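Notes for the one structure printed next.
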Number of protein chains: 2
Amino acid sequence: MARPREFDEACVLDAVMETFWRTGFEGTSAQALVDATGLGRGSLYAAYASKTGLFEQALRRYQRRAQDHVDQLRQPGSPLARLRDLMEGIVEADCAGSDRRGCLATNSAIEMSGRDPHVAELVRDNFSILIRGIAETIRRGQDAGEIRDTADAETLALFVFNAVQGLRVLAKTTPAQDRATLIAVIDQTLAALR
Amino acid sequence: MARPREFDEACVLDAVMETFWRTGFEGTSAQALVDATGLGRGSLYAAYASKTGLFEQALRRYQRRAQDHVDQLRQPGSPLARLRDLMEGIVEADCAGSDRRGCLATNSAIEMSGRDPHVAELVRDNFSILIRGIAETIRRGQDAGEIRDTADAETLALFVFNAVQGLRVLAKTTPAQDRATLIAVIDQTLAALR
DNA sequence: CTAGTTTTGGAATATTCGTTCCATAATTGG
DNA sequence: CCAATTATGGAACGAATATTCCAAAACTAG
């Protein structure tokens with residue numbers, strides 16, 4: 001190796017991720033990525049080959065966020081309460097925040113999965129992390145007698161995860177003042193686990 | 001009026017809608033719209049002003065589809081069975097079909113609602129149509145004693161609609177052979193209404 | 001039939017797109 | 001300290017972008 005990279009790869013990927021997250025794949029230009037990272041075009045392409053490569057790396061990096069959610073689920077306390085925290089946190093972030101950027105994996109599922117199988121796989125991986133985390137939490141709830149065991153944990157987990165994805169869609173169009181209606185959806189979803 | 005339009009507005013808007021539906025707003029070029037409609041650039045811009053104008057008209061036209069779903073819900077028979085038909089039809093179309101284009105309103109909610117308030121409103125309108133249809137169906141189910149009345153129909157309708165939106169997201173990444181897992185989600189959702 | 005108006009469709013515009021290239025700078029192993 | 005090697009960042013590329021323009025065609029009202 002003759003010369004080391006000047007930039008911090010983690011920082012650069014975070015900036016890239018942030019940009020794709022905010023404006024999507026098609027909505028993000030190479031120029032926008034140059035601006036966001038502060039790197040020259042040449043450096044960016046030497047390191048990541050193409051816009052698609054950049055996107056895939058960013059999506060990989062996003063799995064951290066899914067893992068963060070799982071960690072949150074593992075915190076001590078009632079499993080049902082942990083699930084509620086997760087869902088309310090999502091509504092709060094997607095709906096109250098002025099960002100409205102939602103979830104990068106969800107956005108990518110909608111924008112890209114149909115056309116790019118590679119992206120579809122990365123999204124599936126991302127989804128799987130949270131689904132497994134939810135299943136684990138539900139199993140704990142079943143053991144504690146807090147959640148019914150008339151269906152297995154995996155089935156219930158997918159049911160909850162499905163509701164989470166629904167919330168990510170609805171939060172995009174629900175005015176902040178109507179947040180309460182989404183909380184009602186959370187109530188119904190969690191009640192269905194009892 | 002000196003000269004009438006040569007093209008059928010409905011046909012043109014259908015072609016435009018189809019294109020935006022398949023490739024999204026940012027992913028669709030003016031050229032693609034020219035190709036899809038067969039019109040000249042000038043005619044297209046004279047009639048619809050801009051790509052955004054075209055998109056909004058297409059999204060308006062899409063409300064027909066929502067209305068079609070409501071009509072389907074109103075067909076005779078058990079309200080729960082009608083809801084199941086709706087949801088299974090969606091899974092079938094989004095997942096089994098090689099299209100994978102999903103729902104234009106859902107796609108637009110994800111891609112555009114955060115940045116374009118006008119689009120957000122059109123999406124909300126679109127959503128409202130189906131939500132009201134579901135609420136009406138649930139009310140029928142409650143009257144027939146088939147659906148619990150421990151929550152009002154509007155709340156339950158949003159819960160069901162939320163699940164539908166979740167399915168639209170999941171169907172994008174679920175391989176056709178795993179369709180059964182989505183049917184299980186439908187089962188859980190409908191069971192929660194009893 | 002004609003004058004007036006609108007549509008038509010393709011040429012033309014300036015801008016932006018993703019990507020490649022390259023001279024320069026920086027670093028390291030020998 | 002001297003090659004050899006790699007990173008840097010901005011210039012340059014052709015293709016594609018959204019939009020505008022306009023001469024010719026087509027229709028209608030009188």
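Labels below follow one simple rule: chain letters A, B, ... track the order of the sequence lines, proteins then strands, and each chain is numbered from 1. Keep in mind that this is a model prediction, so the values were computed, not measured.
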### Query
So, D152(B) and T155(B): side-chain donor and acceptor under 3.5 Å apart, yes or no?
yes

### Query
Starting at the 5' end of DNA chain C and moving along, which residue's nearest nucleotide shows up first, Q31(A) or L39(B)?
L39(B)

### Message
Parallel, tilted or perpendicular: which one describes the rings of F55(B) and F25(B), with boundaries at 30° and 60°?
### Response
perpendicular

### Message
Any base atoms under 4.0 Å from T28(A), or only sugar-phosphate, or nothing? Heavy atoms, all strands.
### Response
sugar-phosphate

### Query
Do Q72(B) and D68(B) have side-chain atoms, one donor and one acceptor, less than 3.5 Å apart?
no

### Task
Measure the distance from CG on L33(A) to P on dG9(D) and round it to the nearest whole Å.
16 Å

### Query
More than 12 foreign heavy atoms under 6.0 Å from CZ of R64(B): is that the case here?
no

### Salt bridge present between D85(B) and R82(B) (N-O < 4.0 angstrom)
yes

### Query
How close or far is atom C1' of dC17(C) from atom CD of E26(B), stated in whole angstroms?
12 Å

### Pair T23(A)-T28(A), side-chain donor/acceptor within less than 3.5 Å
yes

### Query
Under a 4.0 Å heavy-atom cut-off, which of residues 108-119 of chain B touch DNA chain C?
none

### Base of dT7(C) paired with side chain of R3(B) (donor-acceptor, under 3.5 Å)
yes

## Note on the structure
Sorted by number, residues from residues 40-54 of chain B placing a heavy atom under 4.0 Å from DNA chain C are G40(B), R41(B), G42(B), S43(B)

### Test applied, side chain to side chain contact (heavy atoms under 4.5 Å, CB included); reference residue, I147(A); option that passes from I138(A), L190(A), T137(A)
I138(A)

### Task
Nearest whole angstrom, please: distance from the C1' of dG9(C) to the CZ of R5(B).
14 Å

### Query
Which heavy-atom pair separates C95(A) from L182(A) by the least distance, and what is that distance?
SG-CD1, 4.5 Å

### Message
How many whole angstroms separate atom CZ of F7(A) from atom P of dA26(C)?
### Response
17 Å

### Message
Side chains of R168(A) and Q165(B): any donor to acceptor distance under 3.5 Å?
### Response
no

### Task
Identify which nucleotide among dT8(C), dT19(D), dT27(C) has an atom closest to any side-chain atom of A30(B), counting heavy atoms from C-beta outward.
dT19(D)

